[in-house]
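For clarity, every value in this text was computed on a predicted model and none was experimentally measured.
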Amino acid sequence: MLKPSTAELLATELVSNAVRHTKGPVILRVSWKPGTLRVGAWDANPEPPEPPRELAKLLDLEEGRGLGLVKACADPWGWQPLSRNGSKGKYVWCELTTAA
C-alpha cells in the first residue's frame, strides 16, 4: 500500500524545485493507473534538471536534496522536454508502485 506521506513529499519536492529553479508557471500533475501513482511537475524551462546527488552525501545540507530524495523514494523517475502551443518546458516525474 502506498503511504500518502511519500507521495506528498515527492510532489512537494518536484513542485518546489520547479518554482525555485525556473521562472514562469508550474503545473503539478498526478495520475493513477492500477498499481502505479505518477507525480510530476511541468515548468517553462526546457533545460534538464541537475542530476541528483547521492542522498547519503546530502543529509547535512539545508538545500539541494530535492532530486536526491525523489531518486531515493520513488521507483522510477525521469524527465522529458515538452513543447506545447509554441511554449517549451520540461516535465519531471516519478512513480510509486503498490505491492501486488
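Judged as a side-chain hydrogen bond (donor to acceptor under 3.5 Å, both in side chains), the pairs with a partner in residues 71-83 (not counting sequence neighbours) are, in order, D75-T97. The salt bridge (Lys or Arg N to Asp or Glu O under 4.0 Å) analysis of residues 33-43, with sequence neighbours excluded, yields the pairs R38-E95, D43-K90.
Put simply, L82 and L28 are part of two different groups of oily side chains (I, L, V, M, F, W, Y) that touch within less than 4.5 Å, one to the next. Following chains of ILVMFWY side-chain contacts shorter than 4.5 Å, one can reach V92 starting from V30, so the two form part of one hydrophobic cluster. V70 is connected to L96 through a chain of hydrophobic side-chain contacts under 4.5 Å among Ile, Leu, Val, Met, Phe, Trp and Tyr, so both are in one cluster.
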Query raised in the report: Under the side-chain contact (heavy atoms from CB on, under 4.5 Å) criterion, do L14 and L67 qualify, and how do the steps go?
Result: CA-CA 8 Å; L14 292 175; L67 286 180; 4.3 Å; yes
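In terms of heavy-atom proximity, T98 sits nearest to W32 at CG2-CH2, 4.0 Å.
Between V15 and I27 there is no side-chain heavy-atom pair separated by less than 4.5 Å.
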